[in-house]
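One structure below.
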Amino acid sequence: MKRLLKFDYYEPASLEDAVRILAAADGGASVLAGGTDLVVDMKTGRLQPSTVVNLKGIPKLAGIDAADDATRIGALTRVTEVELSELVQSRHPALAQAASILASPPVRGLATIGGNVGRASPASDLGPALIVHDARVAIIGTEGAREELVEKLYVAPGVTSLAQSDIITHFTLPLQPPGFGSAYVKLGKRGSGTDIALAGVAASVLADGDGEIVDCRIALASLGPTPFRAVGTETLLRSKRATQALLATAAENASHEAMPIDDMRASAFYREKLARVLTDRALRGALASAGVEVAA
Amino acid sequence: MTGYVGNRIPRVDSAAKVTGAAIYGVDVALAGMLHGAVLRSPYPRARIVSIDTSAAAAAPGVQTVVTGRDFSLLFGGVIKDQSILAIDEVRYAGEPVVAVSATTEHEAQEALSLIRVEYEELPAVLDMRAALANDAPLVHPDLHTYNRRPGDYIVPHTNINTIYRHERGDVEAGFARSDYVFEGEYTAHALSHAALEVHVAIAQYDSVTGGYTVWVSSERPFILRDQLAPGLGVEPSRIRMIAAEVGGTFGGKGIPIAEAIAAGLARHSGGRPVRVEFTREEDLVASQTRVPAILKLKTGINRDGFMVARSAEVLWDSGAYTAYTVDVSIRGAQTIIGPYRIPNLSLLSRQVYTNKPVTGSFRGFGTTQVTWACETHMDEITTEMGLDPVAFRLQNGYEEGDPYINGQILHGINLTDTIKRAATEIGWGSVERKPAPHLRRGKGIAAMIKPSKTPSSANVVINLGQDGRAAVVCAAPEIGAGQRTVIAQIAADSIGIRIEDVSVPDADTAITPYNSPVASSRTTYHMGNAVLEAGTKVQAELVALAGRYLEVDPDELEVRDGGIFDLDGEHQITVKGLLSKYSKEGYWITASARYSSAGSPLLKADPGEEWISSIFWMLCTHAAEVEVDVETGVIRVVKIAAAADVGKAINPLTVEQQIEGGVVMGVSNALFESFSYRDGRVENGNFADYKLATIHDIPEIVPIIVESVHDEAPFGAKGVGEPANAATPPAIGNAIFDAVGIRIRDLPITPEKVLEALEEKAAADVSKLKPPL
Amino acid sequence: MMITVKLTVNGKLRQVHVEPRLTLLEVLREELLLTGTKEGCGVGECGTCVVLHDGEPVTSCLVLAGDADGAEIETIEGLAEDGELTAVQRAFVKTGALQCGFCTPAMVLTTTALFRKNDQPAIEDVKNALGGVLCRCGVYPKLLEAVTEIKGANP
């Protein structure tokens, strides 16, 4: 059995204490949320923190709250809870879908939304889904609290703009007007859903009563160094009616915006193909959820 | 004799397994036990310049640190080419170089980081074709000096550790006579056994006797003992192997792996037991894998659809050490002929060393690789000739009384019904081609033949105690295939007692009599025969005793359900009651029996070729329906009808489990599993990237039990476990061709390969349509 | 550094004094000697180490000891009472939903949790629930039979 190296362990009761411990730690400090990435990284040697700060004793970091204009999801909310939340399913379908195919049930029961985003894996399922919902991430650190768009958080594979002492506290997803829909689709090695994404695409659309796409977002997983938006494809779709031809053009365009690499899981060649197919499928899913029929 | 045999009997050890009470190899713990950890080579080939273990030896909790210098002896299966820890040179990335024992596993693992090894990297042989080149570096320059099984199967001063040829008829004349000749090349990849219980062993050394006791998780305690002994420089009888429950093996736990490290550490750990448990990464990278192979086939057919000639050339990659692979490459290659009558044959099989992880026996013992090639090739033949794959197989398939490739007369086989019933169940001849715009469906079929290790023997002792309960003492570890249950069924019926009163204790080489491995699907047949004979002897003694007690002619008594009955069916006394009458005499019935296939008239063959004969032959046919997503290349296996000729099912429930489990493994092997190497190192040594099938990925599986009549088999039962996975991959591949017209010849069948082939095909189809310029 | 972890295991309050680097799996197997819970991969990919944590299946290899403090844990040893198998266990035995048995504790616990929530789960619910536990012996078809058997016993 692979054993963990020693570390100092803290369970602070407040965010202030947590930030202080993290800031003071030498030799690398890690925040423990669900542990499903952190413990794996520690076992494989990717991370060897000398300090682990467990956030579980801090109140109000978990849970999903509905406000009139937004949904607030605490950083320690388990992925299972996101998956099964009727509120998330109805307001933010792409996020519920992403949560439902992230790893396996016994892992989802531990993993948290904050941990998944904070890990900054290029293959993150929740990241693209949050991005297409214009989600903002709330952070607390030595300088106090701040907020930014989730998409701005990602810097490089495994790297965020967070400092060692920064803690993600929650996410805010604005409530969308009628005519909004979203979806997330991915393909893993077994083709059956829950594997690490070889490629994944989240899409959201806002359509008017005539089926014209007023606004849209497309965000890609495992198709670049971080989850990122296919901005050119979004531009291409805006102010157009959803037709088969438009979707084909958009899917083709997204595959050019993708920046896939060759690795042991898939070739760049295959990922580019998937970018096209999955963009098409994600857009169809988003349009369906917005109640828009794709015209011939 | 009726009762348990032939019925769906729930496993006798089920309760222990659903309550967590069963003790597996990983659960064994001894007082004072130390824990081991292994430092492994990061390079596929390098000279060890120096090793500095001083800091590790001084680290907290560390008991001992050993290197290759502490173990100069070599061990192995057929060729003794391996040492416990690398001596002077490492031959694959992952090879053990230094081992540490410490009070805790944490301390042992931490001490590894304090060891300094200086390597000088050497050019490595990472490709089996490259290994054949004249100027290829030699993985084992001293191959010709190693102790090994006699015979001229090696080619000294090359990387070829096994060369084997087989000829029958006149293959060139056969091709000349053929109306059509087909050629194809196929590859089969390395696969991890991936038993969920990793490799583990606890060893203790007795410095007074110089002996070892090793607690193991293995299907072959005696083979392990015999193979490890030369590496430790002791007689095999000086090693006692005690087997616990086995959390899966699939052929992977039969050679010294964790056992060698544990015993090596124990030798230098002051008499304390040392436990070595591999991490999953070690298990994937540095235990053993299926032998990868490149297989070339050429087949001649006449216009009536009869197979006239076949030549085959197989190249196998043993990796850095041979383990069991000499026999895998020979036995596997023989069955590349498939279950078909082909009068003219020429077979060349070569196996090379490379600087890759060790390969070895894997469920099917070489037949999974050759079945992939043979059955994909068969489908290419029928496609080109416009023949029906089912009819073609029936036309050419072996029937009872046909001569095998060595002239052995095939006995107790029923290939025909496996083909017919699999085809019927899959709905051969009709398919819903396009269930959705992006989906295409197709059907495919594949058959196979598998021998069982021959000759081999099984010994058993049955002890019937005064409480009327019997212990069946034999070295046939329960590896998950139901060995214990089948043995208990046969024992209960042959003695005439209830199955609840039969126990089958774990194997212990100091107690249980010799048995060949629980491998090659041989246990039901061989141990079954031995248990049947021993149980019958116990019953005879019981009847004699009852006659004495009841003062009647023993011929007028019978034993069943734990009771003694007269010929009118009147109950006279219970077995327990009878034995209790003689408790003062210490009455205890013991009977032993031995079954060996050696010398059976069934093995008669052409002069000098009897060694190729098998005491029984297993046949099976799988038919698959698949669905191809033409946009992503993803394959969904919709259904597999899997028909196996098992002779007679002693327990239909366990037979179904074997067939279904084999299909699941076959689907997983064909579609998901593969190793990814970078510079000779496995880079996916974890289950995140070495993917096994889950419950999401399995098709509807219909197990079909086909029976045949075998004269020497216990109740007619042959074997089923090994053939169960081999026919699935080619059945899937052939179904994919039927669905979308692409032929994947190299495993695994990944979505990426499928999509690429679809694009190539589309391009070719377009160019065909273009008018000539 | 050592921490004290109090947890309820199979209905009994247990307290262990351990290094924080131990996982729940190590606490169960090595501190509490409940070896029915097995490790298969150590990184949450195989599900062999599943236990019920406040009723939910989780991979115990990824739970740090401190995170288990205050938790209610059920392991395979806690299901049968006085040797009386539960309906789920009996169905596994009867339908042959086990071979080598190494994944069986995780499969039994996951199935148990599933049926506590819904005594007539749909096939997709079953696959979703059990999709996180690997079985190399391939008992999946028999697992589905076991589930059918349990559903039949819960009309």
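Values in this document were obtained by computation on a predicted structure and should not be read as measured data. Per chain, numbering begins at 1; letters A, B, ... match sequence-line order.
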message = If I take atom CZ from residue C:Phe92 and atom OG1 from residue B:Thr19, how far apart are they, to the nearest 0.5 angstrom?
response = 13.0 Å
task = Determine the option with the most heavy-atom pairs under 4.5 angstrom with chain C, choosing from B:Ala16, B:Gly662, B:Ala194, B:Ala15.
result = B:Ala194
note = Max heavy-atom pairs within cutoff under 4.5 Å with chain B, candidates C:Thr75, C:Val126, C:Asn128, goes to C:Asn128
request  = Would you mind checking if B:Glu660 and C:Lys142 are paired as a salt bridge, meaning a charged N to carboxylate O distance below 4.0 Å?
outcome  = yes
key: Proximity breakdown for C:Thr95 and chain B, heavy-atom pairs closer than 4.5 Å   = backbone
key: Flag, side chain of C:Gln99 to backbone of B:Gln657, donor-acceptor distance under 3.5 Å   = yes
Salt bridge (charged side-chain N to carboxylate O under 4.0 Å, His left out) between C:Glu45 and B:Arg280, intermediate numbers included = CA-CA 11 Å; C:Glu45 292 288 341; B:Arg280 176 53 62 185; over 6 Å; no
remark   = Minimal heavy-atom distance between C:Pro141 and B:Val664, with the atoms involved, is CD-CG2, 4.3 Å
request  = With rounding to the nearest 0.5 Å, note down the distance linking CG in B:Asp13 to CG in C:Leu98.
outcome  = 7.5 Å
note = Turns out that what part of C:Leu22 lies under 4.5 Å from chain B's heavy atoms comes down to side chain
note = From the list C:Glu124, C:Lys38, C:Glu77, the residue making the most non-hydrogen contacts under 4.5 Å with chain B is C:Lys38
message = Using a 4.5 angstrom heavy-atom cutoff, name the option from C:Thr35, C:Leu34, C:Thr37 with the most pairs to chain B.
response = C:Thr35
query = Quick one: what part of B:Ser668 sits under 4.5 Å from any heavy atom of chain C, side chain, backbone, both or neither?
reply = side chain
task = Could you grab the distance from atom CG of B:Leu284 to atom SG of C:Cys41, nearest 0.5 Å is fine?
result = 9.5 Å
inquiry  = Distance check, rounded to the nearest 0.5 Å: B:Ile701 atom CD1 versus C:Tyr140 atom OH?
reply    = 10.5 Å
task = Considering only heavy atoms and a distance below 4.5 Å, find which of B:Arg363, B:Glu478, B:Glu656 pairs most often with chain C.
result = B:Glu656
Segment of B:Val246 engaging chain C (4.5 angstrom heavy-atom cut-off) = backbone
request  = Report the option among C:Arg90, C:Glu19, C:Glu30, C:Arg29 that has the most heavy-atom pairs separated by less than 4.5 Å from atoms of chain B.
outcome  = C:Arg29
Heavy-atom contact with chain B under 4.5 Å, split by part of C:Lys94 = backbone
message = Using heavy-atom distances under 4.5 Å, tell me whether C:Leu144 contacts chain B through its side chain, its backbone, both, or neither.
response = side chain
task = Return the minimal non-hydrogen interatomic distance between C:Cys46 and B:Phe687, and the atom names on each side.
result = CB-CD1, 3.9 Å
inquiry  = Please determine whether the number of non-hydrogen atoms from other residues, nucleotides or ligands lying under 6.0 Å from atom CD of C:Glu84 exceeds 12.
reply    = no
note = So CG of B:Leu196 and CD of C:Glu39: to nearest 0.5 Å the spacing works out to 11.0 Å
ask   = Can you tell which of C:Leu134, C:Val108, C:Val88 has the highest number of heavy-atom pairs within less than 4.5 Å of chain B?
value = C:Leu134
message = Between B:Tyr24 (side chain only) and C:Gly101 (backbone N and O only), is there a donor and an acceptor less than 3.5 Å apart?
response = yes
message = Quick check on B:Ser217 against chain C: is it the side chain, the backbone, both or neither that has a heavy atom closer than 4.5 Å?
response = neither
ask   = Taking B:Lys17 for the side chain and C:Thr104 for the main chain, is one N or O donor matched with an acceptor at less than 3.5 Å?
value = no
query = Salt bridge check: are B:Glu673 and C:Arg136 linked by an N-O gap of less than 4.0 Å?
reply = yes
remark   = Heaviest contributor of heavy-atom pairs below 4.5 Å to chain C, chosen from B:Ala22, B:Ala481, B:Ala195, B:Ala693, is B:Ala693
note = Taking every heavy atom of C:Cys100 against every heavy atom of B:Gly247, the minimum-distance pair comes out as SG-C, 3.4 Å
inquiry  = Looking at chain B, which one of C:Cys137, C:Ala80, C:Gly83, C:Pro105 has the largest number of heavy-atom pairs inside 4.5 Å, strictly under?
reply    = C:Cys137
request  = Please state whether the side chain, the backbone, both or neither of B:Glu277 comes within less than 4.5 Å of a heavy atom of chain C.
outcome  = side chain
ask   = Checking C:Val93 against chain B: side chain, backbone, both or neither under 4.5 Å from a heavy atom?
value = both
